[in-house]
There are 2 protein chains.
Amino acid sequence: MNPAYDVFDDHCPTRLVLDRLADKWALLVLDRLQDGPVRFNHLRRDIRGLSQKVLSQTLKRLERDGLVKRTVHPTVPVSVDYGLTPLGRTLTETVAAFAHWAELNMDAVLAAQTAYDSAMTG
Amino acid sequence: MNPAYDVFDDHCPTRLVLDRLADKWALLVLDRLQDGPVRFNHLRRDIRGLSQKVLSQTLKRLERDGLVKRTVHPTVPVSVDYGLTPLGRTLTETVAAFAHWAELNMDAVLAAQTAYDSAMTG
DNA sequence: CAGCATCCGCTCGGATACTG
DNA sequence: CAGTATCCGAGCGGATGCTG
């Protein structure tokens, strides 16, 4: 580890990475890719609510950051799939933990919200 | 786990949670709180670039979601600190993994970006 | 110290239409 | 199928000023 990097520092480049990863769509894409490469429109269908424009942007950013690999298959018509790079793979566990923490603890969060809101009202 | 919850579903409540957690500031706050409660202005100073308004909003949301506990100490003047709830504590490992993945893999990401950009240019 | 209220620029992201 | 291009409204978040 390079001790010069510090996420709490405003001007540290890690902030840029954090900004990329702290994105709902990027997390969902990375989570969806953990079982292997997926094609563009397949991703689009699987991740409900994700528009094609945002998917395109998200994939491009993830590719630029070296987390996702874009592969073009020379078929007719051309087909393209997206998979994790080795670097991206080092993140999958964390991403999965994140995404599924929500599923596991949803009830507790909803209960906390209800309690908080009723405390405000009453 | 409740199999009814699915982060890939557009209308699943877990999407709301994911939205909250997939936030740079929320992640940094949670990461900063893992060693114990911290006072408001202390947080503000430690997390560079975080404005007071956004810190306030972030803390309120995290409190509403049951991840953070706000404690008022009846001193003069009043002092307030924020700490993790037991629920919030179940997230710290994941959050820390996230924040520090950035620090660990910064060099690789920067290299990937450079390669990507030069491939575009040249 | 620990906030709230207001203004406001800027970007995110949804909708739509078009291309190879 | 796999995108690009454009328009545009909503909201995030920074700056500033004020309160108990």
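In what follows, every heavy atom counts, from backbone to side chain, and hydrogens, waters and symmetry copies are set aside. Letters go in sequence order (proteins before strands), and every chain restarts at 1.
Residue-level contact check: A:Lys60 touches the backbone only, with heavy atoms under 4.0 Å from sugar-phosphate atoms and none from bases. Counting non-hydrogen atoms under 4.0 angstrom, A:Arg44 reaches nothing in the nucleic acid. Counting any heavy atom pair closer than 4.0 Å across all strands shown, B:Gln52 reaches a base atom. At the heavy-atom level, B:Asp23 lies under 4.0 Å from the strands shown only through sugar-phosphate atoms.
More than 12 heavy atoms of other residues, nucleotides or ligands lie within 6.0 Å of NE2 in B:His73, so this atom counts as buried by the packing criterion. Heavy atoms of other residues, nucleotides or ligands lying less than 6.0 angstrom from CZ of B:Arg48 number 12 at most.
The distance between atom CD of B:Gln57 and atom P of D:dG13, rounded to the nearest whole Å, is 7 Å. Summarising the geometry, the separation between CZ on A:Arg45 and P on D:dG3 is reported as 14 Å, rounded to the nearest angstrom. Rounded to a whole Å, the CD atom of B:Glu63 is 14 Å from the C1' atom of C:dA2. Note: CG (A:Leu55) to C1' (C:dG14) measures 14 Å, nearest angstrom. Whole-Å rounding puts the A:Trp25 CH2 to C:dG13 P distance at 9 Å. Computed from coordinates, the B:Leu59 CG to C:dC4 C1' distance equals 14 Å when rounded to whole Å. Spacing between atom CZ of B:Arg70 and atom C1' of C:dC4 amounts to 12 Å, rounded to whole angstrom units. When the P atom of C:dT11 is taken as reference, atom CG of A:Leu16 falls 15 Å away, rounded to whole Å.
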TODO: Run the numbers on A:Thr94 and B:Trp101 for side chain to side chain donor-acceptor pair (under 3.5 Å), then give the verdict.
DONE: CA-CA 9 Å; A:Thr94 306; B:Trp101 183 93; over 6 Å; no
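Taking the nucleotide of DNA chain D with the nearest heavy atom to each of B:Gly49 and A:Val78, the more 5' of the two is matched to A:Val78. Both B:Tyr82 and A:Lys24 lie close to DNA chain C; mapped to their nearest nucleotides by heavy-atom distance, the more 5′-ward contact belongs to B:Tyr82.
Ring geometry for A:Phe98 against B:Phe98 counts as perpendicular: the plane angle is over 60°, on a 0 to 90° scale with 30° as the lower cut.
Distances from the side chain of B:Ser56 to the nucleotides D:dA2, C:dG3, C:dC1 place C:dG3 closest. Distances from the side chain of B:Phe40 to the nucleotides D:dC1, D:dG14, C:dA2 place C:dA2 closest. Of the listed nucleotides (D:dG14, C:dA2, C:dA15), C:dA15 has the atom at the smallest distance from the side chain of A:Lys53.
A:Ile47 and B:Leu16 are assigned to two separate hydrophobic clusters, defined by single-linkage of ILVMFWY side chains at heavy-atom distances under 4.5 Å.
Between B:Arg39 and the phosphate of C:dC1, there is no side-chain N or O to OP1/OP2 separation shorter than 4.0 Å.
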